[in-house]
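Keep in mind that the numbers below use all heavy atoms, side chains included, and drop hydrogens, waters and symmetry copies.
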Amino acid sequence: MRKVVLEATWIGRKASVRVRQPVINVIGIFTNTIDLVTTQGFIAVTTKNIKSPIYINLDPYTFFLKVRNFREWLSINQSRKIHVKNNTLHLGPYLSLILKKAKLFDPSPELNKLRNNCYGVDSKKLITVKKKFIALSKVAGKTINDYYFNLFSEGALRLYQLLSSNRKDSHMDALLRYLGLGNGLTPTYDDFIGGLVSTTNIIHELGQYIPKKVSFPLNTLLSRTTKVSAYLLTSLSEGDISDIHLNIIRSYCLGDVDALLNYLMDFISLGHDSGLSMGIGILTGLYLASMYKEIQGTEESVVRSLRMLLTDLN
Amino acid sequence: MSSIKEEIEKANKLATDRMMDSEPHWVDMDIAKKAIPGFKDMMLLHAGPPVTWERASGPLKGALIGATIYEGWASSPEEAERLLKTGEIVFTPTHPYKVVGPMAGVVSPSMPVFIFRDIKFDNYAYTNMNEGLGKVLRYGAYGEEVINRLRWMEKVLYPTLKATIKEYRKDNPNGLNFKNLIAQGLHMGDECHNRYTATNALLLKEISPYLFTSGMDRKDIIDSYRFIANNIIFPLNMGMAAAKLMTLAAHNIKYSTIVTVMTRNGTDMGIWVSGIGDEWFTGPSPVPKGVWFPGYSEKDANPDIGDSSITETAGFGGFAMAAAPAIISYVGSTVEYAVENTKRMYEITYTKHRYFTIPYLGFQGTPTGVDIRKVVYTGITPTINTGIAHKEPGIGQVGAGIVTFPLDPFKEALRKFAEKYGI
């Protein structure tokens, strides 16, 4: 088989630091993505058309449309060590990835523009967006099993309690109780929590509405879910979000409901139900932000309100 | 009562059945303003969705200027530009008129057009004649050689072909079955968008006896034969008219999520969806990646342009690249890529074509009927092959390549669909 050498087109700022290590572990291989981990954190190598968390971006034109055989072609598996020499990642016997010309990408300047200028979208409109997002996903052929709806509601409530009280450990434990439930290497509940917490964390960093930031304990994550999901959740909570996720938050801050739904639709295509779960998680995070903005209600009113958002999922 | 999902399934099956069962035939030729219903003087048709003069791309502007000069409405490019800018000459998309044209796709009232009829569903479609490669009107060139060639086509090629098809119909009253030519072409190494080498030979084989007995001047017959024989993509426009009839048969079917138009004007690309009707959903037209003519590179390229993606909309062209490995020498990439692209397009299409098959894939039908639901579900958008025009007016073709459409128009269409059907 012919060896292919590709040049990365751009690389996330954090990933550029992480790949300075000589050895990196493979933690997951998907049809379009290789997930890697270093002692400093998580890296996803994805193709250009894939809009999941993107850290090193490859131009797919040369060969990446062969994605259906991607796993076999790479001839690498989980736990394999990837070597880094001369700023080049050697991924299996057939693929080398030169990072030298990759442009550094850092979403923080975009977010900085929104700092203290996040006007938000009112919660009623977010419920309408949710209804449309679910309906459009359904027409496109993606649904979430009803079973997860209750878990999402409970997770959102636990996050609210975590954000609103000082009983950090017990609420964190409750938030992570259903971790690992669902399909795939990033299970359904994990995707929801990833979207939810990364969103509330970023809104908090923008100086708006959300009272504090939540950090996941990596060891707990590793004991409860897949390795891929554990590292992905950690990265998401640290603010390593995809450009689409960023655009959703920007649309929310600018009050642009139409753009918000439009960007949410980009999540539909991701994974089995990962994109849909993460999209609902993001929407729920935005909804929590709006609730903090609009009301200082009792816990009962928040529960009612969250149930209003996370009802009739299908 | 059926659920919405069942309604969509039924509608999409009907739409793709009609698309595949359509029977496009070349039946006649005429002057555009006589043949095309609603076509008027001081009016030009162009490829793609609507666009203003200010936003129009270089090659589209060039072709509109050239057509204005060809019609005798202006004697200089400057005068033509003024008439187009001020709206004294109206330019409007081809598709609502059931017309298709490659690249800029400009059709003017005096231009001769092929007339195609779908004998199964009794629809008509129209297209202009292909001028060849390089410096041609459809790529935005409008110099003297371009205008002279168009005049020769009007004075010599058009009457010769009109007489030929008339003669042909004495033996074949329904006209020339173009679906058969495409099906055969796909088995002979063409994909019938950018490669028509085999189909052109088949076309000439089919019409030659009638060309020779058409009663036209001997020199005109020889010149016409040579022009077609030397222009290996001469059948492109005819294949597009056939594709237009196939997709027209699938259009306006309630609840259908099948795409019935995909087209580009060099600035925007746009789609129509069967169950939504003639509403445009647009996004920025991407710049193709490809192979460049000597002296040109990507920096010279205009974003993608032309109605020719109607071929992919109907289930051939770039979607059938696995049938045409030799296309790679023209558009770049690898043979493996050509095969993979066809396989990838199955993921966003409703069905496999009953009549267009690919020998290399075990005579599997081509991917047919782009379904907006599947595009949004997978995030995969149609990939086609295409010619590349220079971004400045007046220059022409600078290469050929491959282009992938943006996702936004498909997302917008799905939103509109949900709104229209109360989902």
From Ile423(B) atom CD1 to Lys132(A) atom NZ, the distance as rounded to the nearest 0.5 Å: 13.0 Å
In Å and rounded to the nearest 0.5 Å, what is the CD1 to NZ distance from Ile268(A) to Lys411(B)? 8.5 Å
Tell me, please, which residues at least two apart from Asp273(A) pass salt bridge (Lys or Arg N to Asp or Glu O under 4.0 Å). none
Once ring-ring contact (aromatic ring centres under 6.0 Å, His included) is applied, do any residues pair with Tyr330(B), and if so which ones, sequence neighbours excluded? none
Can you tell which of Lys5(B), Arg373(B), Arg415(B) makes a side chain to side chain contact (heavy atoms under 4.5 Å, CB included) with Val139(A)? Arg373(B)
Given that the side chain runs from C-beta out, which part of Ile8(B) has a heavy atom under 4.5 Å from chain A: side chain, backbone, both or neither? side chain
Does a side-chain heavy-atom distance below 4.5 Å link Asn262(A) with Glu412(B)? yes
Under 4.5 Å from any heavy atom of chain A, what part of Asp371(B) do you find: side chain, backbone, both or neither? neither
Rounded at 0.5 Å granularity, tell me how far CG in Leu407(B) sits from OG in Ser269(A). 7.0 Å
Working note: Leu136(A) + Val376(B), criterion side chain to side chain contact (heavy atoms under 4.5 Å, CB included); need CA distance, chi angles, decisive distance, verdict. CA-CA 9 Å; Leu136(A) 289 165; Val376(B) 174; over 6 Å; no
